[in-house]
Structures are given as C-alpha cells and as structure tokens.
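Residue numbers run from 1 in the order of the sequence given. It should be emphasised that the depicted structure is a prediction, and the values quoted were computed from it without experimental measurement.
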Amino acid sequence: MRWFYFILLLTTSNSFAETSVEYFQNGTQHTLNGHSHKSGVLYEAKNSKQTLHLATLDWPPYIGNNVCNKGWVYQFSIALLNSKGYSVYIEFLPWARAVRNVELGRADILMPEYFIEDTAPSDYVDGKTRRELLGLSNSFKGGEIAFLKRKGDTDHFTGNLNSLKGLKIGVVRGYQNTPEFDAMMDNGEFEVITSVDDLQLVKLLTAKRVDLVIGDPQALKSSVAYSSLTKPEKQSLLSSIEQESIPLQYNSLYFAISKRAHNWLLVLEDINEGLYQFNNSGEIDRIISATNTQCE
C-alpha cells in the first residue's frame with residue numbers, strides 16, 4: 001500500500017511567500033499552508049506534538065527562498081515532518097550561522113547536511129565534536145562533490161588528494177565536503193580560502209583568488225543562475241568555470257538534530273521512520289519529479 005501521494009503547490013511573490021504542500025497519508029488528504037512567522041515560515045500541524053525549528057540555507061537547486069517551489073528538499077522536509085505530527089518553523093540563514101544555531105541548541109534541526117564524521121570538531125563549542133552535539137538521521141538523496149576550475153585550465157585533481165597539496169582551494173565556511181578532504185583541510189595541508197556561500201565561492205574562482213573550489217557542481221552553478229546578478233554577469237561567470245574531470249564522491253543528505261532539542265531522540269526516531277516510509281513508497285522521487293515538472 002502506498003503511504004503518500006503528493007501534489008506540490010506554490011504561490012510566489014516575496015521571499016516568505018506561502019508555499020503550500022498537499023499530501024495523502026493512509027487515504028486522507030492533508031493541506032499545509034505556511035505563513036510568515038518571526039524571520040521564517042511556520043507550518044502548523046493539527047494536534048501537533050511540538051514545533052520544530054529548522055535552520056537551512058539558500059542552496060539551489062535543492063532548496064532556496066528564490067527557487068521555484070523553494071526546492072524539492074524544502075517540500076520534502078516540510079511534508080515528512082508534518083506527516084509525523086510536527087509543526088515546522090523553517091528559517092533561511094547563512095550556512096555557518098545555521099550550523100552554529102543548531103549546535104548551540106538555538107534551533108532544533110539543521111538541514112540538508114552531509115555526513116558528519118565522528119571526529120569532526122565543532123567550530124562553536126570548544127572541546128566537542130559535531131557528533132557529540134548533533135544526532136544524524138538516516139540518509140536521503142543528495143548529489144556529487146567535485147572540484148571546479150577556471151575554464152581552460154588543466155585538471156589539478158588526479159584522484160588522489162595529495163595532488164592538491166600547496167594549492168589554494170575555496171570552501172564555504174562550515175560545509176562538510178568529504179571526510180578525507182575535511183581531515184586534510186583541518187590539518188592545514190591545503191591553503192584554504194573561505195566564503196559565506198556558493199556564489200561567493202564561484203566569484204573567488206573567477207577572480208583568480210583560488211586555484212579550485214570544492215562543492216556540488218549543480219549547487220555552485222545554480223547559485224549563479226538564481227542570484228540577483230544581471231544576465232550578462234551570470235553568463236560571464238558560468239562561461240568561465242568548469243568541473244574537473246574526476247569527481248570526489250557522491251554525498252547523500254541528512255537531517256542533523258540538536259541534542260539540546262526537546263525530545264531529540266524521539267524526533268530522530270520519527271524522522272528515520274518517515275524516511276523509510278518515503279523511500280519505500282517512492283515519494284522522494286515523486287517530489288523531485290513534481291517539483292521539476294512545475295518549474296520547467
């Protein structure tokens with residue numbers, strides 16, 4: 001028996017435009033209408049267990065205030081949590097601030113997150129690892145991690161990260177990338193220049209301030225396409241960059257729950273149960289397809 005069927009609807013006007021999500025669970029239709037609340041959007045569930053405060057980022061094409069339907073990850077996350085009986089307050093922030101807020105317990109859930117190694121140190125709580133502060137859910141669909149270079153440059157990455165020692169590499173502050181790369185970065189084996197977001201990362205590359213940037217190529221290019229830059233500026237940036245021929249790896253996505261959140265273990269259990277149901281019924285693929293179809 002299918003658990004969920006989704007129809008995703010959107011009204012677009014401003015950054016906090018209501019985005020409604022309609023879904024069926026056990027044959028019953030549910031309609032969720034968001035409304036502006038504090039500095040984000042609140043979706044209220046009937047007979048709500050509790051309100052979960054989600055911290056996220058503008059990361060097109062996956063999620064973003066200016067992305068059509070706010071992106072499939074937004075739609076998926078709101079629907080999943082509401083299907084488990086939670087109201088959701090979702091707030092868009094610069095990534096480093098989103099990470100800080102959740103690690104300090106000022107928000108409940110960080111998403112979408114990459115896998116966090118057990119040894120990854122927190123930038124915000126001295127002497128603590130990120131996994132001591134955050135509970136990581138089971139995974140859901142993600143994307144590729146690779147290096148981008150200036151168009152026409154020879155490839156630097158040979159498949160072995162040691163080939164990059166001594167290079168200047170641009171990274172978004174607070175991002176996890178891959179365990180090996182992050183460990184080498186933490187050990188100072190690359191010269192790292194940090195940016196606040198993917199768009200600034202692309203600008204660092206085209207301005208020749210770094211030799212390479214690391215990230216999801218889809219997200220890096222979409223950060224330009226969805227930006228407020230003029231059309232000629234966008235074309236100039238996009239025509240100046242290209243992906244290196246050898247990707248690093250495929251990165252799944254996760255929810256990271258603050259261990260300071262109320263009932264965090266129960267929240268984690270509910271999320272994992274919802275992920276199983278969504279995966280088992282094929283609804284993640286349906287949401288991605290529906291979002292993409294509506295945004296063509």
Side-chain angles (χ1 to χ4, degrees), residues 57-62 94-96 98-99 110 112-124 129-131 134 136 139-225 227 234-254 256:
L57 78 166
D58 283 295
W59 194 46
Y62 301 99
W95 184 246
V99 172
L110 179 69
E113 178 61 282
Y114 285 148
F115 182 77
I116 304 170
E117 288 290 307
D118 289 341
T119 56
S122 170
D123 290 332
Y124 307 106
T129 66
R130 299 195 67 208
R131 291 295 289 271
L134 303 171
L136 208 60
S139 65
F140 59 97
K141 289 180 181 289
E144 200 173 64
I145 291 291
F147 293 103
L148 263 63
K149 62 179 181 177
R150 286 180 290 276
K151 200 162 194 174
D153 284 1
T154 57
D155 280 2
H156 296 280
F157 182 52
T158 65
N160 185 328
L161 286 171
N162 288 321
S163 63
L164 304 181
K165 286 186 177 181
L167 295 181
K168 283 186 182 178
I169 302 176
V171 301
V172 175
R173 183 168 175 257
Y175 274 21
Q176 301 287 137
N177 286 293
T178 73
E180 185 184 2
F181 178 87
D182 294 341
M184 291 178 73
M185 179 180 72
D186 290 340
N187 288 336
E189 296 181 48
F190 313 119
E191 185 176 350
V192 169
I193 305 293
T194 60
S195 72
V196 296
D197 56 28
D198 287 306
L199 178 60
Q200 190 181 55
L201 206 58
V202 173
K203 290 180 176 179
L204 286 174
L205 180 61
T206 58
K208 299 185 178 181
R209 291 187 56 196
V210 294
D211 302 302
L212 296 171
V213 298
I214 186 173
D216 181 317
Q218 248 195 112
L220 287 163
K221 292 174 183 177
S222 292
S223 72
V224 177
S227 73
K234 292 177 183 179
Q235 289 174 338
S236 176
L237 285 177
L238 290 172
S239 65
S240 300
I241 60 174
E242 61 184 356
Q243 182 178 336
E244 291 227 343
S245 56
I246 303 175
L248 270 169
Q249 67 180 39
Y250 179 89
N251 270 5
S252 296
L253 299 176
Y254 299 81

Item to check | Gap between atom CG of Asp155 and atom CD of Gln243 - 0.5 Å precision | outcome: 9.5 Å
Next on the checklist: Within this structure, what is the OG1-CG distance for the pair Thr178 and Leu161, rounded to the nearest 0.5 Å?
Outcome noted: 6.0 Å
Item to check | Closest non-hydrogen atom pair between Gly143 and Tyr62, with its separation | outcome: CA-OH, 3.6 Å
Checklist entry - Would the number of heavy atoms belonging to other residues, nucleotides or ligands and lying under 6.0 Å from NZ of Lys234 be above 12? => result yes
Checklist entry - Taking only residues two or more places apart in sequence or in another chain, which ones pass side-chain hydrogen bond (donor to acceptor under 3.5 Å, both in side chains) with Asn251? => result Gln249
Checklist outcome for this item: The side-chain contact (heavy atoms from CB on, under 4.5 Å) partners of Thr119 (sequence neighbours excluded) come to Glu117
Checklist entry - Looking at Lys149 and Thr154, what are the two nearest heavy atoms and their distance? => result NZ-C, 3.8 Å
Checklist entry - Any sub-3.5 Å donor-acceptor pair from Glu244's side-chain atoms to Ala146's backbone N or O? => result no
Item to check | Over all atoms of both residues, closest heavy-atom pair of Pro121 and Arg130 | outcome: O-CG, 3.5 Å
Next on the checklist: Minimum heavy-atom separation for Gln200 and Thr194, please, with both atom names.
Outcome noted: OE1-O, 4.5 Å
Item to check | Gap separating the CG atom of Leu57 from the CG atom of Leu110, nearest 0.5 angstrom | outcome: 8.5 Å
Checklist entry - Looking just at side-chain N and O atoms, do Tyr175 and Asp198 make a donor-acceptor pair shorter than 3.5 Å? => result yes
Checklist entry - How long is the gap from CZ on Phe181 to CG on Leu248, to the nearest 0.5 Å? => result 8.0 Å
Checklist entry - Would a distance-only check, ignoring hydrogens and angles, find a side-chain to backbone donor-acceptor pair under 3.5 Å from Ser222 to Ala219? => result no
For residues 205-212, please give each side-chain donor-acceptor pair under 3.5 Å, one per line with the distance, not counting sequence neighbours.
{"from": "Thr206", "atom 1": "OG1", "to": "Val202", "atom 2": "O", "distance (Å)": "3.3"}
{"from": "Thr206", "atom 1": "OG1", "to": "Lys203", "atom 2": "O", "distance (Å)": "3.2"}
{"from": "Asp211", "atom 1": "OD2", "to": "Lys168", "atom 2": "N", "distance (Å)": "2.7"}

Checklist entry - Taking Asp182 for the side chain and Asn177 for the main chain, is one N or O donor matched with an acceptor at less than 3.5 Å? => result yes
Next on the checklist: Are the side chains of Pro217 and Leu148 in contact, using a 4.5 Å heavy-atom criterion?
Outcome noted: yes
Checklist entry - Which pairs count as ring pair (Phe, Tyr, Trp, His ring centres under 6.0 Å) when at least one residue sits in residues 199-224, sequence neighbours excluded? => result none
Checklist outcome for this item: Closest non-hydrogen atoms of Val171 and Leu201, given as atom of the first, atom of the second and distance, are N-CD1, 3.3 Å
Next on the checklist: Test your reading of the model: is there a side-chain donor-acceptor pair from Trp95 to the backbone of Gly174, 3.5 Å cut-off?
Outcome noted: yes
Checklist entry - Taking all non-hydrogen atoms of both residues, which atom of Gly159 and which atom of Ile246 are closest, and how far apart? => result N-CD1, 4.0 Å
Next on the checklist: I'd like to check the salt bridge (charged side-chain N to carboxylate O under 4.0 Å, His left out) partners of Asp153; sequence neighbours left out, ordered by chain and number.
Outcome noted: Arg150
Checklist entry - Does any non-hydrogen side-chain atom of Phe190 lie less than 4.5 Å from one of Met184? => result yes
Next on the checklist: I'd like to check Thr129 versus Ile116 (side-chain heavy atoms, cut-off strictly below 4.5 Å). Are they in contact?
Outcome noted: no
Next on the checklist: Could you work out, with side-chain contact (heavy atoms from CB on, under 4.5 Å) as the rule, every residue matching Asn187, not counting sequence neighbours?
Outcome noted: Glu189
Item to check | Contact check, side chains of Ile169 and Ile193, non-hydrogen atoms, under 4.5 Å | outcome: no
Item to check | Whether Tyr114 and Trp59 hold their rings parallel, tilted or perpendicular, with breakpoints at 30° and 60° | outcome: perpendicular
